[in-house]
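A short worksheet on the structure shown next.
Remember, it's a predicted structure, so these values are computed and weren't measured experimentally.
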Amino acid sequence: MHDLLIRNASLPNGRKGIDIAIKDGKIADVAPGVPGEASKCLDLDGWLVTPPFVNPHFHLDATLSTGRPRVNQSGTLLEGIEIWGELSPTLTVDDIYERARELCHWSIARGCLAIRSHVDITDNALLAVEALLSLRDDMAPWIDLQLVAFPQYGYFRHANSRENVFRALDRGIDVVGGIPHFERTMDEGGESVAALCRIAADRGLLVDMHCDETDDPNSRHVERLAAEAHRLGLHGRVAGSHLTSMHSMDNYYVSKLLPLIVEAGVAAVANPLINIAIQGRHDTYPKRRGLTRVKEMVEAGIPVALGHDCVMDPWYSLGSHDMLEVVNMAVHVGHMTGVSEMEAMFAGVTTVAAEVMHLEGYGLEPGCNADLVVLQARSPVEAIRLRANRLYVLRRGKVIAESAPQVVSLALGDERKTVDFIPAGSQ
């Protein structure tokens, strides 16, 4: 007797008419015509079932704070950093906790059940660390939160960052972060990469650094990140986030850089919404798009995940934590509209993102956690096109969010019909 049987599902790999049996919070079987009965059955009529969405790059401590103490009138990165500097002294643990908790509710409703959040540790009171460690524990039944010790104002540049990184990690922060391009000099940026990677190696932790988030083609800290990952044996444990300077780099240099990243087993996390909004601000025309070289990295075999980065904070006043919106931007800006390319971008917010975060029990195979999302679409490409409605969100085999299929009723003279934007016969 199964706890739940999902009948007639489509899977991201193209398989149709698949049943998924769930028992004790785990996937027990995935096949056509799974035998047996269940306490509950969902007949999906061909709707797409995917493992949950994953956001591998976010800032929970800043989310939902837009307009405090003022709006970012220019929409630029530097003004956002200025505003965050004005807001930070007014923050409390309760304020950070409540805003981040509300964002977690939005995330669950959107079918995103794992978030890696960078946490500003330059505040000596470590208020964000306290708030988000508490939230991580409180929300664990429904969503996985992975926290990064992030020296927002630089590891060397900010007086207390070096001490605070250790304090945050000692309290239970999961990942070592950094921001080398924000150090005073290129040399100090490189040295910060080396120092932070050494901390991660000594403690057996993962690394995720904001790296080269600039239009400057000479900002090349990802090269040092790859070198340190290789030197310290951190293969598969390191991610470089943003990497927007790569958009402006010389092609010959990139032809050398990509194999170094592959050799070191470093993953990339692009943030299409924020990157396309913030980068290229000093350009007139032609304007650089700013998004890193997603297509070339995918072709080189580098794991490329996609993050949302911000929702309604000093840097980005938009967003609703919809990872399909992130994918939709990526396929357009990155010229990734081939079928296999769109599927790769869908993987960038599901399986590849889960790989970057080292999530355990993630997937659609027997034995995996029964964490699933049912989308009102028949395929990943259709889900991207529609930014598909989440019909069901399951955590450990239990439905924790659901919505009715979205259709529009038309009244055209005597004709009455419904429209769901899915062509007839697409199943």
Query raised in the report: Quick one: are I27 and L372 in side-chain contact, heavy atoms under 4.5 Å?
Result: yes
Query - Carboxylate-amine/guanidinium contact E191 R224, below 4.0 Å - result: yes
Query raised in the report: Tell me the salt bridge (Lys or Arg N to Asp or Glu O under 4.0 Å) pairs involving residues 336-350, sequence neighbours left out?
Result: K295-E341
Report summary line: Tightest non-hydrogen contact, residues M323 and L306, listed as CE-O, 3.5 Å
Requested in this report: Would you give the length of the straight line joining atom CD of E223 to atom CG of L260, rounded to the nearest 0.5 angstrom?
Outcome: 6.5 Å
Query raised in the report: Under 4.5 Å between any side-chain heavy atoms of W315 and D309, yes or no?
Result: no
Query - SB check D3 R396 (cutoff 4.0 Å) - result: no
Query raised in the report: So how far is it from L375 CG to L391 CG, rounded to the nearest 0.5 Å?
Result: 7.5 Å
Requested in this report: Sequence neighbours left out, what passes side-chain hydrogen bond (donor to acceptor under 3.5 Å, both in side chains) with E402? Give chain and number order.
Outcome: none
Requested in this report: Decide yes or no for Y316 and I278: does some side-chain heavy atom of the first lie under 4.5 Å from some side-chain heavy atom of the second?
Outcome: no
Query raised in the report: Less than 4.5 Å apart, any side-chain heavy atom of P32 and any of I18?
Result: yes
Query - Smallest separation among heavy atoms of S161 and P151, with atom names - result: OG-CB, 3.8 Å
Query raised in the report: Salt bridge or not for R116 and D208, using N-O below 4.0 Å?
Result: yes
Requested in this report: Would you mind telling me which of V129, V119, L91, L147 makes a side-chain contact (heavy atoms from CB on, under 4.5 Å) with D61?
Outcome: V119
Query raised in the report: Do the side-chain N and O atoms of D120 and W84 include a donor-acceptor pair separated by under 3.5 angstrom?
Result: yes
Report summary line: Residue pairs meeting ring-ring contact (aromatic ring centres under 6.0 Å, His included), one or both in residues 114-142, sequence neighbours left out, come to H57-H118, H59-H118, H118-F150, H118-H210
Report task. Output every pair passing salt bridge (Lys or Arg N to Asp or Glu O under 4.0 Å) with a member in residues 153-170, not counting sequence neighbours, ordered by first then second residue. Result -> D170-R203
Requested in this report: Take atom CE of M249 as the centre, draw a 6.0 Å sphere, and report whether it contains more than 12 heavy atoms from other residues, nucleotides or ligands.
Outcome: yes
**Report entry** Where at least one partner belongs to residues 129-147, residue pairs that pass salt bridge (Lys or Arg N to Asp or Glu O under 4.0 Å), sequence neighbours excluded
**Finding:** R136-D174, D144-R395
Query raised in the report: Heavy atoms, side chains only, cut-off 4.5 Å: are M139 and I108 in contact?
Result: yes
Query - side-chain hydrogen bond (donor to acceptor under 3.5 Å, both in side chains) partners of residues 25-44, not counting sequence neighbours, each pair once - result: K26-N369
Report task. Give a yes or no answer on whether the side chain of H2 reaches the backbone of L4 with a donor-acceptor pair at less than 3.5 Å. Result -> no
**Report entry** Polar contact flag, side-chain donor to acceptor under 3.5 angstrom, S74-N72
**Finding:** yes
Report summary line: Residues at least two apart in sequence or cross-chain that pass side-chain hydrogen bond (donor to acceptor under 3.5 Å, both in side chains) with T92, listed by chain then number, are none
Query raised in the report: If you look only at pairs with a residue in residues 62-80, which of them pass as a salt bridge (Lys or Arg N to Asp or Glu O under 4.0 Å), with sequence neighbours excluded?
Result: R68-D95, R70-E79, R70-E82, R70-E86
Atom pairs and distances, donor-acceptor, side-chain atoms in residues 351-363, under 3.5 Å, two or more places apart:
from: H358; atom 1: NE2; to: G236; atom 2: O; distance (Å): 2.8
from: Y362; atom 1: OH; to: P52; atom 2: O; distance (Å): 2.6

**Report entry** Distance (rounded to the nearest 0.5 Å) between K256 NZ and I261 CD1
**Finding:** 11.5 Å
Query raised in the report: Would you say the side chain of N13 lies within less than 4.5 Å of the side chain of L364, judging by non-hydrogen atoms?
Result: no
Query raised in the report: Taking all atoms of both residues into account, what is the closest heavy-atom pair of R378 and S10, and its distance?
Result: O-CB, 3.6 Å
Query raised in the report: Considering residues, nucleotides and ligands other than H332, do more than 12 of their heavy atoms fall under 6.0 Å from its NE2?
Result: no
**Report entry** Straight-line distance of L257 CG to M246 CE, nearest 0.5 Å
**Finding:** 4.5 Å
Query raised in the report: Mind checking whether I20 and L11 have side chains closer than 4.5 Å, heavy atoms only?
Result: yes
Report task. Supply the atom-to-atom distance S88 OG to L127 CG, rounded to the nearest 0.5 angstrom. Result -> 9.5 Å
**Report entry** Where P51 and T350 come nearest, the two heavy atoms and their spacing
**Finding:** O-CG2, 4.1 Å
**Report entry** Partner residues of T214 under the side-chain hydrogen bond (donor to acceptor under 3.5 Å, both in side chains) criterion, sequence neighbours left out
**Finding:** none
**Report entry** salt bridge (charged side-chain N to carboxylate O under 4.0 Å, His left out) partners of E325, counting only residues at least two apart
**Finding:** none
Query raised in the report: Given S403 and N389, is the side chain to side chain donor-acceptor pair (under 3.5 Å) satisfied, shown in steps?
Result: CA-CA 8 Å; S403 62; N389 182 34; 3.0 Å; yes
Query raised in the report: Any donor and acceptor pair, going by atom type alone, linking the side chain of R220 with main-chain N or O of P217 inside 3.5 Å?
Result: yes
Report summary line: Output for pair (L232 CG, L234 CG), nearest 0.5 Å, gives 5.0 Å
Query raised in the report: For the residue pair K287 and G280, what are the closest heavy atoms and their distance?
Result: NZ-O, 3.9 Å
Query raised in the report: Any donor and acceptor pair, going by atom type alone, linking the side chain of S219 with main-chain N or O of H181 inside 3.5 Å?
Result: no
Requested in this report: Go through the structure and list residues passing side-chain hydrogen bond (donor to acceptor under 3.5 Å, both in side chains) with E102, not counting sequence neighbours.
Outcome: W106
Query - T122 side chain to Y153 backbone, donor-acceptor under 3.5 Å - result: no
Query - Side-chain heavy atoms of M209 within contact of Y155, under 4.5 Å - result: no
